[in-house]
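Everything on this sheet refers to the single structure shown next.
Computed from heavy atoms alone, side chains included, the values below leave out hydrogens, waters and symmetry copies.
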Amino acid sequence: MASKASIPKGTRDFSPLEVSKRQYISSTIQEHFKTFGFQPIETPTFENSDTLMGKYGEEGDRLIFKILNSGDYLKKANSEAYQGKDSVRLASSISEKALKYDLTVPFARYVVQHQNEIDFPFKRFQIQNVYRADRPQRGRFREFTQCDADVIGSDSLWQEVEFIQLYDSVFTSLKLEGVTIKMNNRKILSGLAEVIGESDKLIDFTVALDKLDKIGEEGVKKEMLDKGISESAIENIQPIFNFNGDFATKISLLKSLLSNSEIGQQGIEELEFIQKALQELPLKTATLDLDVTLARGLNYYTGAIFEISAPAKVKMGSIGGGGRYDDLTGIFGLKNMSGVGISFGLDRIYLVLEELDLFPEEIKETTKVLFINFGEEEALYALKAITELRTASVSAELYPDAAKMKKQMTYADKRSIPYVVLAGGSEMQSEVYNLKNMKTGEQASYTKDDLIKKLTIS
RNA sequence: GUGGAUGUAGCUCAGUUGGUUAGAGCACUGGUUUGUGGUACCAGGGGUCGUGGGUUCGAGCCCCAUCUUCCACCCCA
């Protein structure tokens, strides 16, 4: 025994304070999900491997945690793959289950599996942990919480509009101002690739373009050349490297750039629809921005793409993302189901709120009042008031031992308990409770009924 | 998966070209104060220096391996 107590890398323990901060975020998000009409579902922590494998690209497969089969798994292992050191094939012969990598693919599986019970369009939300065998960094963990809301079974663009409003209301509610909702459309990216005659290199093209803010114009061009995109092609899209102005200005620039691409035009129309709608429905605190370099996200996005940037003063990657996928359930055999959804990265939002000191003061409070324990009889006297306080939904507790006063007071102080009740022999005599406000130091005696009244309203 | 840093008390960190018994601040425990915390003063406990090996008369310090955490890349919330 005596192995040092530890947890796997990329995972975390959460202290009481951390849990209450996390709950503050997730309950805020959940509240807004509900007011927008989403219903909760949950799916298993692990899925059959073939549900997940191959859905996130080659890179994604590498990052999926595989669960070793139980029993004598080596007996059934693919010995040919083992001999040939073919890890991928060997893994599939000794592992049939895997931890979920995101909430979207399991949701697609859920929709297909339960299609007869679901009323479409189906609006669901889901707040659960997901797992990635990635190397941890700041804001990047191997176990983390995603908060997803998706609509499946409708291709209406009003949903994109509502999702933008949803993002805005959540961040407004969290007092996180200065968030940017970056938006793009897969059809614009396809259009760009089409215009430059490199449609078959769409993915390479967009992945390179996505790095513009990181490696700069020259870096992007170099990566494109490395991927076999011709120099003249790159020149044709030169305008997007200096793509400034407001949403409407950018749209008109795109219109001329993509005038020969039907799919590009379609993407522009979609963006324009959303932009016009939001002119009539102004956002509260977030800013909407059109970012043609935005290509993040999974290969399955077909229309809108969203990504949320934290306020510029915080160094943090995206704190949320989402998009439209026309045929997500197709991979599980259910055709023509368009879906659109967004995700909030709870762990990263936590780090941002922490850095900007935006957690409300109240979440530190656990118990409202602590009764000092002076001995057996006094404890019983205290519990009579405590019982009634609890009935009145005031969290109250008795210090379990008749320890030294100083120790009990220190305990209350450390736990930021705002009130302490001192009720010893003399208080019992006159049937009162001495209430002390720990912040101001004020002290006064109350009858039991007045004590309960006082603590219920304050 | 690739590359770079890091690890000394519960926490944040000092620790000389390798040299006796490894330090500080905070935290903790007790006291000044037998029914009054958060401030002050006094005292005390606490470390196989990440782990395993090697070099040396001698290693916290040098070498190798391994693990952890952090940073960058890939990718992503």
d([atom1], [X]; [atom2], [N]) in whole Å:
| X | N | atom1 | atom2 | value |
| --- | --- | --- | --- | --- |
| A/Asp210 | B/C73 | CG | P | 13 Å |
| A/Tyr101 | B/A77 | OH | C1' | 10 Å |
| A/Ile7 | B/U68 | CD1 | P | 12 Å |
| A/Lys182 | B/A77 | NZ | P | 13 Å |
| A/Asn437 | B/G38 | CG | P | 16 Å |
| A/Leu103 | B/C76 | CG | P | 16 Å |
| A/Phe371 | B/U36 | CZ | C1' | 16 Å |
| A/Ile64 | B/C74 | CD1 | C1' | 16 Å |

[X]/[Y] aromatic ring centres below 6.0 Å:
| X | Y | result |
| --- | --- | --- |
| A/Phe163 | A/Phe306 | no |
| A/Tyr381 | A/Tyr433 | yes |
| A/Phe344 | A/Phe171 | yes |
| A/Tyr56 | A/Tyr101 | yes |

Contact class for [X] vs. all strands (heavy atom < 4.0 Å): base, sugar-phosphate, or nothing?
| X | value |
| --- | --- |
| A/Tyr411 | nothing |
| A/Ser426 | base |
| A/Leu422 | base |
| A/Gly57 | nothing |
| A/Arg138 | sugar-phosphate |
| A/Gly139 | base |
| A/Glu58 | nothing |
| A/Gly375 | nothing |
| A/Gln146 | sugar-phosphate |
| A/Ser343 | nothing |
| A/Gly424 | base |
| A/Val130 | nothing |

Is there a side-chain contact between [X] and the phosphate of [N], meaning an N or O under 4.0 Å from OP1 or OP2?
| X | N | answer |
| --- | --- | --- |
| A/Lys214 | B/C73 | yes |
| A/Lys406 | B/G31 | no |
| A/Lys404 | B/G31 | yes |

Cationic tip of A/Arg132 above A/Phe65 ring, under 6.0 Å, 45° of axis:
no
Any cation-pi pair here, A/Lys123 with A/Phe38, using under 6.0 Å and within 45°?
yes
Checking contacts here: which listed nucleotide (B/C74, B/G35, B/C70) is nearest the side-chain heavy atoms of A/Phe374?
B/G35
Dot-bracket for RNA chain B, 5' to 3', Watson-Crick and G-U pairs with both distances under 3.5 Å, [ ] for crossing pairs, | for partner on another strand, reads (((((.(..((((.....[...)))).(((((.......))))).....(((((..]....)))))).)))))....
Specify the residue among A/Lys9 and A/Asn434 whose closest nucleotide of RNA chain B lies further upstream toward the 5′ end.
A/Asn434
Which sits closer to the 5' end of RNA chain B, A/Ile308 or A/Gln137, going by the nucleotide each is nearest to?
A/Gln137
Using side-chain heavy atoms (C-beta onward) and a distance below 4.5 Å, is A/Glu397 in contact with A/Phe371?
no
Do A/Glu47 and A/Lys97 have side chains that get closer than 4.5 Å, going by heavy atoms?
no
Using the [atom1] atom as the point on both nucleotides, what is the distance between [M] and [N], in whole Å?
| N | M | atom1 | result |
| --- | --- | --- | --- |
| B/U12 | B/G3 | C1' | 29 Å |
| B/A27 | B/C70 | P | 26 Å |
| B/C13 | B/G50 | P | 15 Å |
| B/C76 | B/G38 | C1' | 44 Å |
| B/C73 | B/G53 | C1' | 33 Å |
| B/G18 | B/C63 | P | 10 Å |
| B/C71 | B/C61 | P | 27 Å |
| B/C42 | B/G25 | P | 11 Å |

Answer yes or no: side-chain N or O of [X] and base N or O of [N] forming a donor-acceptor pair under 3.5 Å.
| X | N | value |
| --- | --- | --- |
| A/Thr410 | B/G38 | no |
| A/Gln408 | B/G35 | no |
| A/Asp413 | B/G37 | yes |

Detail all sub-3.5 Å separations between protein N/O atoms and N/O atoms belonging to nucleotides 3-8 of chain B.
residue, atom, partner, partner atom, Å
B/G3, O6, A/Arg135, NH1, 3.2

Indicate whether A/Phe344 forms a stack on B/A77; treat it as stacked only if centroid distance is below 5.5 angstrom and interplanar angle below 30 degrees.
no
Measure up the A/Phe122 and A/Phe107 rings against each other and bin them: parallel (under 30°), tilted (30 to 60°), perpendicular (over 60°).
tilted
Other residues, nucleotides and ligands only: do more than 12 of their heavy atoms fall within 6.0 Å of CD on A/Glu354?
yes
So, the side chain of [X] versus the backbone of [Y]: is there a donor-acceptor pair under 3.5 Å, distance only?
| X | Y | result |
| --- | --- | --- |
| A/Asn373 | A/Pro400 | yes |
| A/Tyr167 | A/Gly321 | yes |
| A/Asp148 | A/Ser343 | no |

